[in-house]
Chemist: 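I have a structure here, written as structure tokens, and I will follow up with some questions on it.
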Amino acid sequence: MVILNEGKMPNLLSYKYYIRPTAHQLYGNKSSKSKHHQNVQRIIKILALEGPMTTWEMAKIRFATDNSKIRSKEKEYRRLLIGRTDRGTHSDGIIDLNLVLVDSISTKRNSGNRYRLSLFGILYCLDQMNFSEKEVDRVAKNYEIILPLVFGKWGFLKSVIGKYVYNISLLGKGLLFDNLNIISIEKDEFYELISFFGIKVNTLTESFNEQKIGEAISLWFYVTMLYFPNLMEDKKIKGMKKFFTKFLEKIMNYKHGSQIFFQKQRISINNAQKN
DNA sequence: CCCATGGGTGCAAGATCTGC
DNA sequence: GCAGATCTTGCACCCATGGG
């Protein structure tokens, strides 16, 4: 298998202000009655729950043996994914909105594209699909390599904070993402973490590498977890705050309660100005 | 009414399987 | 080992349909 995903990706801001609203408009949500909306959502759901696969494999899920049915379903999925050119006009597909991308080349029989959800596609799913907890677990399993700092530690996170892991669905709404300054005023202890997140995300707007976007989303997840009032009021969870901060230190190089982090930032900024 | 989408078809081509 | 069948991927054409 050849991993292809080295290309450029939009940043998190464009998810909130372009990708999400556009997806909502074009592909709707779970309560959409439109046939087109339902067709698109079926594809996205298959990729979410079954993991990366080719269009042929997607079609086979529904028609295991009937080859002609697989054939026509495969065509439908392909056209919705990559768009189509008909009567001289081109219509964009789901890939053009960056909800889905080419993950790798399948070499099962013919060499062809294997598709999967992008991080934005995962966020859209979590936001729109009303997945059950079991289904979110499946998404986490299928995409643990794509979001290693959260999905890769899913079982562990569940063992620590239980059902609160499913708060990850809230990320898909873009919650708390670009108005962090509002919350940081109230919660002093939070200020440092928020600043860290802000700096991290700001530097990311320059390089749209999916791995780094994944890091930002992971950090965003942990920040959100630490913030949520219901989470903070839960006595059992309260004791976990310290744990989470330590966890962040470990996986994100976040330095809590010291000036070291900010000193480092100043030094690097100064160095950058010198150069 | 228009245009995007749905449903169907055919063609091309490479990979793999099956029967001999 | 060979030939033909089958699987898989990809592209483009045609016409119908239905929602805006």
Side-chain angles (χ1 to χ4, degrees), chain A residues 1-10 14-131 135 138-139 141-146 172-173 210:
Chain A
M1 191 190 292
V2 185
I3 302 298
L4 290 181
N5 181 40
E6 300 292 331
K8 289 194 168 184
M9 297 286 293
S14 62
Y15 168 74
K16 180 164 184 178
Y17 290 109
Y18 177 70
I19 296 176
R20 184 174 181 269
T22 309
H24 204 200
Q25 180 195 342
L26 294 177
Y27 309 136
N29 53 39
K30 207 185 179 183
S31 57
S32 290
K33 292 284 190 296
S34 149
K35 199 168 185 181
H36 181 54
H37 286 185
Q38 288 175 353
N39 287 337
V40 171
Q41 283 177 47
R42 194 177 302 127
I43 294 181
I44 292 177
K45 198 165 184 176
I46 287 173
L47 289 177
L49 297 181
E50 309 293 334
M53 57 178 64
T54 64
T55 48
W56 189 264
E57 288 164 340
M58 290 166 65
K60 257 193 160 174
I61 291 172
R62 288 197 64 202
F63 306 104
T65 50
D66 188 330
N67 227 297
S68 67
K69 280 184 180 170
I70 294 175
R71 180 74 192 87
S72 60
K73 211 68 194 168
E74 186 271 343
K75 184 205 63 177
E76 180 194 317
Y77 289 158
R78 170 191 309 284
R79 290 207 301 207
L80 288 171
L81 281 174
I82 67 175
R84 65 189 278 183
T85 303
D86 210 348
R87 296 177 185 279
T89 56
H90 178 77
S91 309
D92 278 351
I94 306 168
I95 283 180
D96 294 295
L97 192 57
N98 280 299
L99 290 183
V100 174
L101 47 78
V102 177
D103 170 70
S104 55
I105 300 295
S106 159
T107 51
K108 193 182 176 186
R109 201 157 184 165
N110 268 3
S111 63
N113 291 338
R114 175 177 286 120
Y115 303 94
R116 68 163 166 85
L117 295 181
S118 69
L119 286 167
F120 305 121
I122 294 170
L123 289 179
Y124 171 77
C125 271
L126 294 173
D127 180 28
Q128 297 290 334
M129 298 290 181
N130 296 328
F131 280 152
E135 285 171 326
R138 280 172 75 179
V139 177
K141 180 75 187 157
N142 288 331
Y143 289 90
E144 59 184 357
I145 295 169
I146 312 302
K173 301 187 191 308
E210 205 189 19

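The chains referred to below are lettered A, B, ... by the order of the sequence lines, with proteins before strands, and numbering in each begins at 1. We use all heavy atoms of the structure for the numbers below, so side chains are in, but hydrogens, waters and symmetry mates are not.
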Chemist: Does some side-chain heavy atom of A:Leu101 sit less than 4.5 Å from a side-chain heavy atom of A:Tyr115?
Modeler: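 Sidechains of A:Leu101 and A:Tyr115: no contact.
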
Chemist: Which nucleotide in the list C:dC11, B:dG6, C:dC15 gets nearest to the side chain of A:Arg87?
Modeler: C:dC15

Chemist: Looking at B:dG6, B:dG10, B:dA4, which one has an atom nearest to any side-chain atom of A:Thr89?
Modeler: B:dA4

Chemist: If you compare every side-chain N and O of A:Lys75 against the phosphate oxygens of B:dT5 (OP1, OP2), does one of them come in below 4.0 Å?
Modeler: no

Chemist: Would you call A:Glu57 and A:Lys60 a salt bridge, using N to O less than 4.0 angstrom?
Modeler: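 Result for this pair is no, no salt bridge flagged.
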
Chemist: Does A:Lys35 or A:Arg71 map to a spot on DNA chain B nearer the 5' end, using the closest nucleotide for each?
Modeler: A:Lys35

Chemist: Would you kindly check whether a donor in the side chain of A:Arg79 faces an acceptor in the base of C:dG10, or vice versa, at under 3.5 angstrom?
Modeler: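 Counting by modelled atom types and ignoring angles, no donor-acceptor contact under 3.5 Å is found here.
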
Chemist: Tell me: NZ of A:Lys60 to C1' of C:dT6, nearest whole Å?
Modeler: 11 Å

Chemist: Tell me whether A:Glu135 is salt-bridged to A:Arg138, with the criterion being a basic N under 4.0 Å from an acidic carboxylate O.
Modeler: no

Chemist: For A:Met58 and C:dT8, what is the distance between atoms CE and C1' respectively, to the nearest whole Å?
Modeler: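 Distance, rounded to whole Å: 15 Å.
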
Chemist: I need the NZ-C1' distance between A:Lys73 and B:dG6, as an integer number of Å.
Modeler: 10 Å

Chemist: Among A:Val100, A:Asn142, A:Ile122, which residue satisfies the side-chain contact (heavy atoms from CB on, under 4.5 Å) criterion with A:Leu47?
Modeler: A:Val100

Chemist: The side chain of A:Ser91 lies closest to which of these nucleotides: C:dC13, C:dT8, B:dA4?
Modeler: B:dA4

Chemist: Rounded to the nearest angstrom, tell me the gap between atom CD in A:Glu74 and atom C1' in C:dC11.
Modeler: 11 Å

Chemist: Starting at OH of A:Tyr77 and ending at C1' of B:dT5, how long is that distance when rounded to a whole Å?
Modeler: 16 Å

Chemist: When you compare the side chain of A:Val139 with that of A:Leu49, does any pair of heavy atoms fall below 4.5 Å?
Modeler: yes

Chemist: Round to a whole Å and report the spacing from NZ of A:Lys69 to P of B:dT9.
Modeler: 13 Å

Chemist: Remember a base hit wins even if backbone is also touched, and classify A:Ile70 as base, sugar-phosphate or nothing at under 4.0 Å, heavy atoms.
Modeler: nothing

Chemist: Expressed in angstrom and rounded to an integer, what is the separation of A:Gln38 atom CD from C:dG19 atom P?
Modeler: 12 Å

Chemist: Given B:dA4, C:dG10, C:dT8, which nucleotide is nearest the side-chain atoms of A:Arg78?
Modeler: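 Nearest nucleotide to the side chain: C:dG10.
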
Chemist: I want to check one thing: is the phosphate of B:dG6, taken as OP1 and OP2, less than 4.0 Å away from some side-chain N or O of A:Asn39?
Modeler: yes

Chemist: So, does A:Thr54 get its side chain near the phosphate of C:dT8, meaning an N or O under 4.0 Å from OP1 or OP2?
Modeler: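 Checking A:Thr54 against C:dT8: no side-chain N or O falls below 4.0 Å of OP1 or OP2.
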
Chemist: Within the structure, does a side-chain N or O atom of A:His36 lie under 4.0 Å from either OP1 or OP2 of B:dG6?
Modeler: yes

Chemist: Rounded to the nearest angstrom, tell me the gap between atom CG in A:Asp86 and atom C1' in B:dA4.
Modeler: 10 Å

